Amino acid sequence: MPELPEVETIRRQLAEKIIGRKLDGREITDVRRRAKILIFDFNDGTSLIFHLKLTGQLIFNGKSSPYTRKVFNFDDGSQLIFNDVRKFGWWKKVKGTKEIEEKFGPEALEINLKTFSVLLSKRLNSRIKPLLMDQKFIAGIGNIYSDEILFAAKVHPLRRVKTLGKKEIGDILKNIRKILKEAIRRHGSSVRDYFDAYGEKGDYAKYHKVYQKEGEKCLRCGAIIARIKIGGRSAHFCPKCQPYVNFYLRRG
DNA sequence: CAATCGTCCTGCGGGC
DNA sequence: TGCCCGCAGGACGATT
């Protein structure tokens with residue numbers, strides 16, 4: 001479920017609520033995010049890290065439910081509830097976060113065009129959608145936003161990197177920034193289980209243009225949105241706006 | 001290096 | 001109506 005915009009929304013909300021509060025006597029000094037991982041730093045140098053995977057929720061002063069897997073009790077009586085229907089999510093205490101943070105590629109909202117281009121040039125035979133979702137390549141993008149980004153950039157999800165022109169690479173990066181930022185502004189996409197740290201839904205799903213729009217008309221050209229499987233995952237795209245190109249095109 | 005598949009787990013919605 | 005099957009936003013490891 002949660003991709004970068006959803007985790008970032010939760011991070012911002014929790015930072016406001018829990019920095020300065022204490023868990024078991026240790027004070028929270030910072031709430032950070034790396035890729036889709038949420039990090040609470042404590043004043044003793046330890047950290048508590050979370051991955052929400054598909055259905056995890058972290059709700060401040062929420063009420064517990066049959067899907068509550070953990071309740072974190074702050075010293076002042078407030079609570080943080082971890083719900084997780086499918087139980088794929090996890091949390092753990094660590095002494096430092098360096099090792100974990102180094103596993104990921106650059107943050108999607110921090111990478112510049114030069115770095116992005118250099119990284120792409122090392123993966124010329126990869127298909128673009130799975131690559132954008134590869135956290136070791138670039139961190140924070142999942143299935144929803146990769147579909148939306150590629151639609152906005154007019155790039156077919158199966159295109160191999162070596163067939164992409166400079167303009168297309170620039171358009172992909174521009175839309176990574178644009179779409180992720182807009183989604184953060186809308187508090188993320190509530191497709192099914194996602195709720196923010198206040199237990200409220202994000203608004204961005206209603207701006208999705210291709211994700212879960214199979215059979216609907218493309219808002220840009222009127223063609224019918226298609227869905228295919230790529231490595232077991234659904235990819236949604238407009239076959240007319242995002243034509244499949246299997247050879248190099250010189251495009252400015 | 002690239003791609004696919006199985007795996008963790010539960011609920012929901014479509015189709016019959 | 002009711003049941004069964006396939007599918008779901010993530011990510012890892014094994015295999016080819």
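No experiment lies behind these values; they were computed from the predicted model shown. Protein chains get the first letters and strands the later ones, always in sequence-line order, with residue 1 at the start of each.
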Using atom [atom1] of [X] as one end and atom [atom2] of [N] as the other, report the distance to the nearest whole Å.
| X | N | atom1 | atom2 | answer |
| --- | --- | --- | --- | --- |
| A:Arg233 | C:dA11 | CZ | C1' | 9 Å |
| A:Leu131 | C:dA11 | CG | P | 14 Å |
| A:Asp84 | C:dA11 | CG | P | 13 Å |
| A:Gln57 | C:dG10 | CD | P | 16 Å |
| A:Asn83 | B:dT10 | CG | P | 15 Å |
| A:Met133 | C:dA8 | CE | C1' | 12 Å |
| A:Lys53 | B:dT7 | NZ | P | 16 Å |
| A:Asp134 | C:dC12 | CG | P | 9 Å |

Short N-O contact, [X] and [Y], less than 4.0 angstrom:
| X | Y | answer |
| --- | --- | --- |
| A:Glu101 | A:Arg32 | yes |
| A:Glu102 | A:Lys98 | yes |
| A:Glu107 | A:Arg33 | yes |
| A:Glu168 | A:Arg159 | yes |

A:Leu14 and A:Phe40, any side-chain heavy atoms less than 4.5 Å apart: yes
If you only use heavy atoms from C-beta on, which nucleotide in [options] is closest to the side chain of [X]?
| X | options | result |
| --- | --- | --- |
| A:Arg127 | B:dA3, C:dA8, B:dC8 | B:dA3 |
| A:Lys36 | B:dT10, C:dG10, C:dA8 | C:dG10 |
| A:Arg123 | B:dA2, C:dA8, C:dG10 | B:dA2 |
| A:Ser234 | C:dG10, B:dT10, C:dA8 | C:dA8 |

Within residues 12-22 of chain A or reaching into it, pairs that qualify as salt bridge (Lys or Arg N to Asp or Glu O under 4.0 Å) - sequence neighbours excluded: A:Glu8-A:Arg12, A:Arg21-A:Asp76
Can you tell me, in whole Å, how much space there is between the P of B:dT4 and that of C:dC7? 16 Å
Integer angstrom distance from the P of C:dG6 to that of B:dC5: 15 Å
Sorted by position of nearest nucleotide on DNA chain B, 5' first, the leading residue of A:Ser126 and A:Gly232 is A:Ser126
Heavy-atom nearest nucleotide on DNA chain B for A:Val85 versus A:Leu124: which residue maps closer to 5'? A:Leu124
NA contact type, A:Lys122, heavy-atom cut-off 4.0 Å: base, sugar-phosphate, or nothing? nothing
Base, sugar-phosphate or nothing for A:Arg227? Non-hydrogen atoms, less than 4.0 Å. sugar-phosphate
A:Arg220 to A:Phe151, cation-pi by 6.0 Å centre distance and 45° axis angle: yes
For A:Phe88 and C:dA11, say yes or no: do the ring centres fall under 5.5 Å of each other while the ring planes differ by less than 30°? no
Symbol by symbol from the 5' end, with Watson-Crick or G-U pairs under 3.5 Å, [ ] crossing and | another strand, DNA chain C is .|||||||.|||||||
Phosphate OP1/OP2 of [N] contacted by [X] side-chain N/O (<4.0 Å):
| X | N | value |
| --- | --- | --- |
| A:Tyr67 | B:dC9 | no |
| A:Lys136 | B:dC1 | no |
| A:His51 | C:dA11 | yes |

Pair A:Trp91 + A:Phe82: ring centers closer than 6.0 Å: yes
Does a distance-only test, which skips hydrogens and angles, find a donor-acceptor pair under 3.5 Å between the side chain of A:Arg86 and the base of C:dA8? yes
